[in-house]
Participant: 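Input: one structure, supplied below.
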Amino acid sequence: MDVQTANGPRSQVNLIGLSRADYRGNPTTLCQGCGHNSISNQIISAAYEVNLEPESVVKFSGIGCSSKSPTYFLNRSFGFNGLHGRMPSLATGALFGDHTLKGLAVSGDGDTASIGMGQFKHAIRRNLRLVYIVENNGVYGLTKGQFSATAEMGLRLKNQGTNPYMPIDIALEALVGNATFVARSFAGDPKQVKELIKAALSHGGISVLDIISPCVTFNNQDSAMHSYTWGKEHEVALHELSFVPPAEEIMIEYGEGEAKEVTMHDGSTVILKKLGKDYDPTNRSEALRVLEEANAQQVLLTGLIYINTEQPSLREIYNITETPLNRLSQERIRPSRESMEMVNGLMF
Amino acid sequence: MSISQPAFNESPVTQPELIINDFSITVATVNGSGSQTSNLTILRALFKMGIPVSGKNLFPSNIQGLPTWYTIRVSKDGYLARREEQEIMVAMNPATFIQDLANVSPGGVFIYPDDITFKIERTDIHTYTMPVKRLVKESEAPSNLRDYIANMVYVGVLSNLLNVDLDKIYSALDFHFKAKTKPIELNFGVVKAAYDWAATNLVKADRFQVAPMNETNDCIMADGNTAAALGAIYGGVQFAAWYPITPATSLAESLNEYLPKLRRDPETEKNTFVVLQAEDELAAIGMAIGAGWSGLRSMTSTSGPGLSLMTEYAGLAYFSEVPVVVWDVQRVGPSTGLPTRTAQGDITFTYFMGHGDTQMIMLLPCSVNECFEFGWKAFDIAERLQTPIFVLSDLDLGMNQWMSNPFTYPDQPMDRGKILWEEDLNKLEKRWGRYQDVDGDGIPYRTVPGNKHPLAPYFTRGTGHDENARYSEDSETWRKLLDRLALKFQTARNYVPKPVVEKMEGARVAIISYGSTEPAIVEARQKLIQQGLKTDFLRLRAVPFTQEVDDFVKDYDRIYVIEMNRDGQMHKLLCMAYPEQTTRLISIAYTDGLPMTARNIGEMILAKEEN
């Protein structure tokens, strides 16, 4: 990697010697101003800042505008763009290939909350090691502007009329389904998005990030709950969030009672600086309460809503070998010739 | 079950001499009553006596209370197919009593509990009654077990009437109850009491008997689903995802049973496998495809309805070229159909599974041994060809106990196909591209996640892509990709199992079949010789058809394609592959949920021959 060139200045690299360019993807083909592009950029920044080895990440997505985005970041990672709503199963199987890998999935509100609700909830229940980002804009973009299941009741869309149904709350669904990391953010708040992604990458199980990501083409009326204007006016952050990678010392000092630290699976730390009230993200019933309250008050509550670092991950449940399964030799996966007689003896 | 008049000239039942080791026993019971234990005990005891035997469970889709039948064929000649004739009937179920009575072959035997009071008018059969309730009461079994052990009464009575060795009954119970003394003694106690009661109280008037033989000494008894699971384990299965469905469930459950015994590292006690029960079949195949993509030997198992759900993912795996093995234990469909009855109805569906142009590779096992063999071989073929491999078994093969040869250890090392690791990429002179056809056989090279070489990662997608896995909507690129996949399907002809061909001198007529109909066809061919018709026989073991099939179809005046479905699905695929032979390829497709019989096949062929 180009740490130093003959004439030029030392280009900036992270602790593993990679520059930001090493985390980039192809140019986006989404609309200008799409919230998803902002999220892709924050994925790149977060990966760079936590010194992520691109080859240690596997990207997954389903179908939709959101699901196109994995080609816009981390070109040096493997990726699989699966079926509409069925990405979680693909990730579940793929991550067993090499358990040292981290999954990074991008889905949308249609991909997750409509066609993919079943697989979404079951991936959560299994706690696989996957960062599951939902780029939530309340609308189907790629098919040009139909209501999604997260669209608020009463939303009016061109050619669609008025949405008569109550919305699905993805963060709430994740929490009810026993997700071990639930966060909500807003694409218009890039710093928070980035810090949450960094924390999620350090989580040992599944982390669900419901990121409101306005669709500038089909659902950006000022009054719509998935618009930039509404989000900016109604965002209420639970806390100010900082992430400290395991190798770095905690430089920021907080006074007693002002901040809460959460130690992650890999030894890194998430520091939650209190805003107004003290919020404990390890308390699940409190998390459910604040989400319900935010829905009732029509505010966009953002931040790390819930975290549980105790739950075993899917890999731990299966007690598989230290050597990645996909590197096991024939000798280790084909029983011995001698065992054949024993097996025949087990038959009648 | 119904019975019709025999078409073949069998020996008339009025002859006085004994009929030894050549008849069928049918037991009519209620499902959920524990009769399966009793029936398997008889089957296994006969097998241990060295007599060729086969057993078939004809059961309802229900947990408790509906009629169920179990038929055991005892055949000194080694024929294992189902027969229509039912010489010996044990009628335990009052609800089917009249029907069961009518179905006994003339000269046959009808045994029933003495509390069924029904005046039997038939005089052409021998009847015996058993004091089931009294013997159960005398056994002093706990009241919650009485219904179960009641079925052991007919085991004892039959053993006495037919001369079944009680020691062998004991071994069968010992196996069934995994050497647990208490249930063995309880059940055997009832068998012995019933045996002794029959010895004292019944006067044998019928002519049926068993006698020890030496025909099963080197054999085992197993079902196809267990064999498939064991084959997969010897094939190095590393990931299996599944969803419960009859009749495939026991395949995955066998993986759960045997994998910890065979594939847990003795030192570290760590597993080299993952078996995961998914939320549905679509998730199951999604997981299996994810695992196959990441370099694991990966599989799922299902039946027709599950296969329908898997379709979208199967198409993606075909197009993105992911190795995965799918076992389809076929049952009668469409929809729920007859979930506990057997069929070969998923042939055309599987072949075309997916949208756009797809051609799926199918392996077609006919026996427990082939279930084992294809169990490991399917992974080699899947990884070699980087495509889904469907192994089409069926309920009869998968769930019934079959006498077979012991499983034999794989005779080839694993073929992991064209996979590149870090050191392989370092050695390459030309830059690697995921979908380049370097060797001209349509099969590209692949890398898998975890490969840390900077050039290894690529993006897999269901959208159009070029040779380097980049997104492309270019017409020419698309066309070339589909052509390469077609070429790969041709290459597959060199890797799939070849058919088995059996010839007779001078035959001008031939039979093509596949799968579990084999025992009935073997027997039918012998019977047809007696009718003056010689037949050659090709048993397909895979699609695509190989060179051997190309050659065979040119050789005959008429070729009967026999299969258990309504529409002649394999016949259609053969006609597509060999359009110039369509006038000689004649479909004999028959499905009623029951395994085919030799008599039925013989009659259907003779009827066509007369036309």
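Every chain is numbered from 1 and lettered A, B, ... according to where its sequence line falls, protein lines coming before strand lines. Predicted, not measured: the structure shown is a model, and the values here were computed from it.
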Participant: Heavy-atom pairs under 4.5 Å with chain A - which of B:L455, B:I285, B:T447, B:D280 has more of them than the others?
Facilitator: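 Most heavy-atom pairs under 4.5 Å with chain A: B:T447.
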Participant: Is it the backbone or the side chain of B:L282 that comes under 4.5 Å from a heavy atom of chain A, or both, or neither?
Facilitator: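 The answer is both parts of B:L282.
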Participant: Let me know if B:L316 has heavy atoms under 4.5 Å from chain A in its side chain, its backbone, both or neither.
Facilitator: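 For B:L316, the contact with chain A is made by the side chain alone.
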Participant: Go through the steps for A:T321 and B:N271 under the test side chain to side chain contact (heavy atoms under 4.5 Å, CB included), then give the verdict.
Facilitator: CA-CA 6 Å; A:T321 52; B:N271 297 330; over 6 Å; no
Participant: Report which part of B:I419 has an atom under 4.5 Å of a heavy atom belonging to chain A: side chain, backbone, both, or neither.
Facilitator: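 Neither part.
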Participant: Hey, mind stepping through A:V343 and B:I233 against side chain to side chain contact (heavy atoms under 4.5 Å, CB included) and telling me if it holds?
Facilitator: CA-CA 11 Å; A:V343 166; B:I233 292 169; over 6 Å; no
Participant: Hey, which of A:S339, A:A94, A:G79, A:G82 has the most heavy atom pairs under 4.5 Å with chain B?
Facilitator: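 Maximum pair count with chain B is reached by A:G79.
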Participant: Tell me whether A:Y318 contacts the main-chain N or O of B:F273 through its side chain, where contact means a donor paired with an acceptor under 3.5 Å.
Facilitator: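 The answer is no, because no donor-acceptor pair under 3.5 Å joins these two groups.
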Participant: Does the B:E279 side chain pair with the main chain of A:H122, one donor and one acceptor, at a distance under 3.5 Å?
Facilitator: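 Between the backbone of A:H122 and the side chain of B:E279 there is no qualifying donor-acceptor contact (under 3.5 Å).
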Participant: For residues B:Y258 and A:L346, determine if any side-chain heavy atom of one lies less than 4.5 Å from a side-chain heavy atom of the other.
Facilitator: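 Side chain of B:Y258 against side chain of A:L346, heavy atoms only: contact under 4.5 Å found.
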Participant: Hey, does the side chain of A:N326 reach the backbone of B:S294 with a donor-acceptor pair shorter than 3.5 angstrom?
Facilitator: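 It does hold such a pair.
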Participant: So which heavy atom on B:F407 is nearest to which on A:N344, and how close?
Facilitator: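 Here B:F407 and A:N344 meet closest at N-OD1, 2.8 Å.
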Participant: Tell me, for B:T272 versus chain A, whether the close heavy atoms (under 4.5 Å) come from the side chain, the backbone, both or neither.
Facilitator: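 For B:T272, backbone and side chain are both near chain A.
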Participant: Quick one: of B:H176, B:M414, B:M403, who has the most non-hydrogen atom pairs under 4.5 Å with chain A?
Facilitator: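 Between B:H176, B:M414, B:M403, the count favours B:M414.
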Participant: Could you tell me which portion of B:Q401 (side chain, backbone, both or neither) has an atom closer than 4.5 angstrom to a non-hydrogen atom of chain A?
Facilitator: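 Nothing of B:Q401, per the 4.5 Å heavy-atom cut-off to chain A.
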Participant: For A:T71, does its backbone N or O pair with a side-chain atom of B:Y471 as donor and acceptor, under 3.5 Å?
Facilitator: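 Flag not set: sc B:Y471 to bb A:T71 has no pair under 3.5 Å.
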Participant: If you count heavy atoms of other groups shown closer than 6.0 angstrom to CD of B:Q412, is the number above 12?
Facilitator: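 Yes.
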Participant: Just by modelled atom types, is the A:I333 backbone N or O under 3.5 Å from a matching donor or acceptor in the B:R263 side chain?
Facilitator: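 Yes; judged by distance alone, with no hydrogens or angles, the pair exists.
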Participant: Please report the shortest heavy-atom distance between B:G450 and A:D98, naming the atom on each side.
Facilitator: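 Shortest heavy-atom contact: CA-OD2, 3.4 Å.
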Participant: Roughly how far, to the nearest 0.5 Å, is CG of A:N319 from CZ of B:R264?
Facilitator: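 It comes to 6.5 Å.
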Participant: So does B:E422 pair up with A:R327, basic N to acidic O under 4.0 Å?
Facilitator: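 So B:E422 pairs with A:R327 through a salt bridge.
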Participant: Provide the closest heavy-atom pair for B:Q238 versus A:L325 in the form atom of the first, atom of the second, distance.
Facilitator: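 Nearest heavy atoms, B:Q238 then A:L325: NE2-O, 2.7 Å.
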Participant: Report the relative orientation of the aromatic rings in A:F78 and B:W293; use parallel for angles under 30°, tilted for 30 to 60°, perpendicular for over 60°.
Facilitator: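 A:F78 and B:W293: perpendicular rings.
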Participant: Tell me, with the steps shown, if B:T226 and A:M347 meet side chain to side chain contact (heavy atoms under 4.5 Å, CB included).
Facilitator: CA-CA 10 Å; B:T226 301; A:M347 304 297 115; 4.0 Å; yes
Participant: Do B:Y409 and A:S336 pass the side chain to side chain donor-acceptor pair (under 3.5 Å) test, and can you show the C-alpha distance, the side-chain angles, and the key distance before you say yes or no?
Facilitator: CA-CA 9 Å; B:Y409 197 70; A:S336 70; over 6 Å; no
Participant: B:R416 versus chain A, heavy atoms under 4.5 Å apart: side chain, backbone, both or neither?
Facilitator: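 For B:R416, side-chain heavy atoms alone lie under 4.5 Å from chain A.
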Participant: Do you know which two heavy atoms are closest between A:R332 and B:D265, and how far apart they sit?
Facilitator: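 Scanning both residues completely, I find the closest heavy atoms to be NH2-OD2, 3.5 Å.
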Participant: Measure across B:F459 and A:P70 and return the closest heavy-atom pair with its distance rounded to 0.1 Å.
Facilitator: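 Of all heavy-atom pairs spanning B:F459 and A:P70, the closest is CE1-CB, 3.9 Å.
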Participant: With a 4.5 angstrom heavy-atom cut-off, could you sort out which part of B:F379 is near chain A: side chain, backbone, both or neither?
Facilitator: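 Neither part; nothing is under 4.5 Å.
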Participant: Name the orientation class of the two ring planes belonging to B:F239 and A:F96 (parallel below 30°, tilted from 30 to 60°, perpendicular beyond 60°).
Facilitator: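 Plane angle between 30° and 60°, so tilted.
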Participant: Say whether, by atom type as modelled, one donor and one acceptor occur between the side chain of A:E55 and the main chain of B:H453 under 3.5 angstrom.
Facilitator: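 Checked: no pair found.
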Participant: Using 0.5 Å steps for rounding, measure from the CZ atom of A:R86 to the CD atom of B:E312.
Facilitator: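 Atom-to-atom, A:R86:CZ and B:E312:CD are 6.5 Å apart.
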Participant: Where does B:A469 contact chain A at under 4.5 Å (heavy atoms): side chain, backbone, both or neither?
Facilitator: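 For B:A469, there is no contact with chain A at all, as no heavy atom is under 4.5 Å.
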Participant: Give the intermediate values and the outcome of side chain to side chain contact (heavy atoms under 4.5 Å, CB included) for residues A:E322 and B:T268.
Facilitator: CA-CA 9 Å; A:E322 288 303 315; B:T268 62; over 6 Å; no
Participant: Keeping A:R334 on the side-chain end and B:G235 on the backbone end, is there a donor-acceptor pair under 3.5 Å?
Facilitator: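 Not confirmed, A:R334 side chain does not pair with B:G235 backbone.
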Participant: What's the shortest heavy-atom distance between B:G286 and A:S89, and which atoms?
Facilitator: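 Reported closest heavy-atom pair: CA-OG, 3.4 Å.
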